[in-house]
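Whatever order the structure lists ligands and atoms in, that order sets their numbers, starting from 1.
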Amino acid sequence: MTYIITENCIKCKYTDCVEVCPVDCFHEGPNFLVINPDECIDCSLCEPECPINAIKSDEDVTDDDRHFIEINERLSKKWPILTEIKDAPEDAKEWENKKGKLNLLEE
Ligand code: SF4
Ligand code: F3S
């Protein structure tokens with residue numbers, strides 16, 4: 001089991017989640033964060049920190065989000081670790097809860 005970050009984080013990237021992780025397994029890309037499933041210890045501390053509910057247990061993902069399991073695994077091998085909160089993008093509010101953001105993910 002692991003926690004994963006799903007579509008709603010794309011272009012919002014609030015980063016409230018990163019500082020509570022005891023094993024530093026968040027990785028940052030240009031407009032999205034992912035969790036390294038090999039490091040995540042399933043502590044669940046990060047899940048309530050995200051203001052837009054983008055973090056889910058891989059046991060709770062719906063079919064709509066299932067492809068994010070592979071995306072978190074793959075991009076966590078490529079992107080650097082982030083451990084400190086940083087400013088969200090200026091237009092983050094406008095992107096909250098928008099559907100169809102996957103094609104905007106910058107890898
Ligand atoms: Fe880190 Fe725990 Fe969240 Fe996994 S569930 S990413 S270990 S805070
Ligand atoms: Fe993304 Fe939510 Fe963390 S928007 S960066 S998963 S706090």
Chemist: Under 4.0 Å, heavy atoms only, figure out whether ligand 2 is touched by the backbone of Asn8, its side chain, both or neither.
Modeler: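 Looking at Asn8 and ligand 2, no heavy atom falls under 4.0 Å.
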Chemist: What protein heavy atom is closest to atom 3 (Fe) of ligand 1, reported as residue, atom name and distance in Å?
Modeler: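 Of the protein heavy atoms, Cys46 SG, 2.3 Å lies nearest.
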Chemist: Looking only at protein heavy atoms, which one is nearest to atom 3 (Fe) of ligand 2, and how far off is it?
Modeler: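 Looking only at protein heavy atoms, the one closest to atom 3 (Fe) of ligand 2 is Cys17 SG, 2.3 Å.
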Chemist: Quick check: are there more than 12 heavy atoms from other residues, nucleotides or ligands sitting under 6.0 Å from CD of Glu106?
Modeler: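 Enclosed.
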Chemist: With heavy-atom distances below 4.0 Å as the criterion, list the atoms of ligand 2 near Leu33.
Modeler: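 Per the distance check, 5 (S).
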Chemist: Going by the atom numbers of ligand 2, which of them fall below 4.0 Å from some non-hydrogen atom of Cys50?
Modeler: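 Counting atoms of ligand 2 from 1, those under 4.0 Å from Cys50 are 2 (Fe), 4 (S), 6 (S), 7 (S).
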Chemist: Do Lys11 and Lys98 touch side chain to side chain, with heavy atoms closer than 4.5 Å?
Modeler: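 Not touching, per the 4.5 Å side-chain cut-off.
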Chemist: Taking it one step at a time, do Lys13 and Leu33 satisfy side chain to side chain contact (heavy atoms under 4.5 Å, CB included)?
Modeler: CA-CA 7 Å; Lys13 205 169 90 166; Leu33 255 63; 3.5 Å; yes
Chemist: Please check if atom CG in Asp87 has more than 12 non-hydrogen atoms from other residues, nucleotides or ligands closer than 6.0 Å.
Modeler: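 Result for CG/Asp87: open.
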Chemist: Return the closest protein heavy atom for atom 1 (Fe) of ligand 1 as residue, atom name and distance.
Modeler: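 Here the nearest protein heavy atom works out to Cys21 SG, 2.4 Å.
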Chemist: Enumerate the atoms of ligand 1 whose separation from the nearest heavy atom of Val23 is less than 4.0 angstrom.
Modeler: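 Checking each atom against Val23, I get 7 (S).
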Chemist: Atom NZ of residue position Lys99 - does it have more than 12 heavy atoms of other residues, nucleotides or ligands inside 6.0 Å?
Modeler: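 Not buried by this count: 12 neighbours or fewer within 6.0 Å.
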Chemist: Are Ile71 and His67 close enough, and set up right, to give a side chain to side chain contact (heavy atoms under 4.5 Å, CB included), and what steps lead you there?
Modeler: CA-CA 7 Å; Ile71 288 171; His67 48 293; 4.2 Å; yes
Chemist: Need the ligand 1 atom indices (1-based, order shown) with element for anything under 4.0 Å from a heavy-atom of Cys25.
Modeler: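 Counting atoms of ligand 1 from 1, those under 4.0 Å from Cys25 are 1 (Fe), 6 (S).
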Chemist: Give a yes or no on whether Cys40 keeps an N, O or S atom under 2.8 Å from atom 4 (Fe) of ligand 1.
Modeler: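 Checking atom 4 (Fe) of ligand 1 against Cys40, an N, O or S atom does fall under 2.8 Å.
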Chemist: Looking only at protein heavy atoms, which one is nearest to atom 1 (Fe) of ligand 2, and what is the separation?
Modeler: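 The closest one turns out to be Cys9 SG, 2.4 Å.
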Chemist: Is it true that a side-chain atom of Asn8 and a backbone atom of Asn53 form a donor plus acceptor pair closer than 3.5 Å?
Modeler: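 Here the side-chain-to-backbone pair does not exist.
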Chemist: At what distance, to the nearest 0.5 angstrom, does CD1 of Ile35 lie from CD1 of Ile4?
Modeler: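 It is 8.0 Å, given to the nearest 0.5 Å.
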Chemist: Which protein heavy atom lies closest to atom 5 (S) of ligand 2, and at what distance to 0.1 Å?
Modeler: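 Atom 5 (S) of ligand 2 sits closest to the protein heavy atom Thr15 N, 3.2 Å.
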Chemist: Taking only heavy atoms of Asp16 into account, list the atoms of ligand 2 that are under 4.0 Å away from them.
Modeler: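 Contacts of ligand 2 toward Asp16, numbered from 1: 7 (S).
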Chemist: For ligand 2, does Val18 get within less than 4.0 Å through its side chain, its backbone, both, or neither, judged by non-hydrogen atoms?
Modeler: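 It is neither part, as no heavy atom is under 4.0 Å.
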Chemist: Check each heavy atom of Ser44 against ligand 1 and say whether those closer than 4.0 Å belong to the side chain, the backbone, both or neither.
Modeler: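 Ser44 to ligand 1: backbone contact only, side chain stays beyond 4.0 Å.
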Chemist: Would you mind running through ligand 2 and noting each atom that sits below 4.0 Å from a heavy atom of Tyr14?
Modeler: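 Here the atoms of ligand 2 in question are 4 (S), 5 (S).
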Chemist: Just how far is it from atom CG of Leu45 to atom SG of Cys17, taken to the nearest 0.5 Å?
Modeler: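 Rounded to the nearest 0.5 Å, the CG-SG separation comes out at 12.0 Å.
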Chemist: Can you name the atoms of ligand 1, numbered from 1 with element, that are less than 4.0 Å from a heavy atom of Cys43?
Modeler: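 Every atom of ligand 1 under 4.0 Å from some heavy atom of Cys43: 2 (Fe), 5 (S), 7 (S), 8 (S).
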Chemist: Evaluate the criterion side chain to side chain contact (heavy atoms under 4.5 Å, CB included) for residue pair Cys12 and Lys101; output intermediate values, then yes/no.
Modeler: CA-CA 11 Å; Cys12 289; Lys101 291 196 283 182; 3.7 Å; yes
Chemist: Using atom types as modelled and distance alone, determine if a side-chain donor or acceptor of Thr6 lies under 3.5 Å from a backbone N or O of Ala54.
Modeler: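 Such a contact is found between Thr6 side chain and Ala54 backbone.
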Chemist: When you look for heavy atoms under 4.0 Å from ligand 1, do you find them on the side chain of Ile41, its backbone, both, or neither?
Modeler: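 Contact part for Ile41 vs ligand 1: both backbone and side chain.
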Chemist: Going by the atom numbers of ligand 2, which of them fall below 4.0 Å from some non-hydrogen atom of Ile52?
Modeler: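 Atoms satisfying the 4.0 Å criterion: 4 (S).
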